[in-house]
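Residue indices begin at 1 and follow the sequence shown. The shown structure was predicted, so the numbers you read here are calculated from the model rather than taken from an experiment.
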Amino acid sequence: MAASEALKLRGNGRLVLGLLVNLASSICIVLANKWIYVQYGFPNMSLTLVHFVMTALGLWLCQALGLFCPKSLRPSRLLLLALSFCGFVVFTNLSLQNNTIGTYQLAKAMTTPAIIGIQTFYYKKTFSTKIKLTLIPITLGVILNSYFDVQFNFLGILFATLGILVTSLYQVWVGVKQHELQVNSMQLLYYQAPMSSAILMFVVPFFEPVTGDGGMFGNWSSAALVMVVFSGIIAFLVNLSIYWIIGNTSPVTYNMFGHFKFCITLLGGYVLFKDPLSMNQGLGILCTLCGILFYTHFKLGEQEEEKSKLTQRP
């Protein structure tokens, strides 16, 4: 009895640790990247490259320690996925660089309607009316926030829109490739991260200086370099902790935890960067958050119904 209680406490302790690591890293990655852009002006694509390299090194270390088993895959089958991986991280970082944290976070919420649109019109997947109705408050909230954002700028909205589209395509393709290749997310990322790093190594010199002022290998201060490396480590921890939480909790826990992070990150943006917030923007945030909560509630309810139908079959 005492042994089982000890094992239960140890398991709960690991779970709490995983949740805390995910909470801290998910919030820190947004705030750290924004700080790097605002305070040091570090180039966007170069920072993304650092994230990919750190993630690739971290995953190599994880497989060396036996945390997961890599599967042999042909790189040609993952090239499109690696390109979309580059695009979604670059455009979301550009959105963060050119928007307030509030607008950046709410724009990410539009990924759900975009994914539903892609799956409906291209993959002919059907969704219930309840799920479709939740897209109304999500979209309305994002429009309200963007319209009344006092720091509204066309370039920021353009990058946010491109980020939504590429992120949605990437997430849909991840699901398709997982099913097609019979691999999990970590096994896919194990190949994606180094492939995406190689692609960006080739692309970066055409868009950003590599040496000299403002270049990745320019004369940066020690504080800037520490923040860049710190940001790369956080990027790896975000990916690793997501898999840990999903593997050790229910989807309800992960989704509700995600909504908590959403609110904390918004609050951090207003406190650290003095992002202005109007009453209408506040209503937009509340509207979007309600839509996300309803979507999660209905989606999880449908998943439980499907599971119960499967278990009742002879």
> Going by the ring-ring contact (aromatic ring centres under 6.0 Å, His included) test, which pairs reach into residues 43-65, not counting sequence neighbours?
Replying inline: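 Residue pairs with at least one partner in residues 43-65: Phe52-Phe85.
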>> With ring-ring contact (aromatic ring centres under 6.0 Å, His included) as the rule and sequence neighbours excluded, what pairs involving residues 202-227 come up?
In response: Phe42-Trp220, Phe202-Phe206
> Do Gln39 and Met227 pass the side-chain contact (heavy atoms from CB on, under 4.5 Å) test, and can you show the C-alpha distance, the side-chain angles, and the key distance before you say yes or no?
Replying inline: CA-CA 10 Å; Gln39 298 296 324; Met227 281 300 296; over 6 Å; no
So which heavy atom on [X] is nearest to which on [Y], and how close?
| X | Y | answer |
| --- | --- | --- |
| Phe298 | Thr134 | CD1-CG2, 3.6 Å |
| Ser25 | Ile234 | O-CG2, 3.1 Å |
| Cys62 | Phe236 | SG-CZ, 3.7 Å |
| Gln97 | Lys34 | O-NZ, 3.9 Å |
| Val203 | Met45 | CG1-CE, 3.5 Å |
| Gln192 | Tyr170 | NE2-OH, 2.6 Å |

> Which is it for Leu78 and Leu181 under the side-chain contact (heavy atoms from CB on, under 4.5 Å) test, yes or no, and what are the steps along the way?
Replying inline: CA-CA 10 Å; Leu78 296 173; Leu181 302 173; 3.7 Å; yes
> Do any pairs count as a salt bridge (Lys or Arg N to Asp or Glu O under 4.0 Å) and have a residue in residues 84-97, sequence neighbours left out, and if so which ones?
Replying inline: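 Passing the test, one end in residues 84-97: no pairs.
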Donor-acceptor check, side chain of [X] to backbone of [Y], threshold 3.5 angstrom: yes or no?
| X | Y | value |
| --- | --- | --- |
| Glu208 | Gly215 | no |
| Ser95 | Phe159 | no |
| Thr167 | Ile164 | no |
| Thr92 | Val89 | yes |

> Passes side-chain contact (heavy atoms from CB on, under 4.5 Å), Ile233 versus Val229? Steps please.
Replying inline: CA-CA 6 Å; Ile233 294 171; Val229 173; 4.1 Å; yes
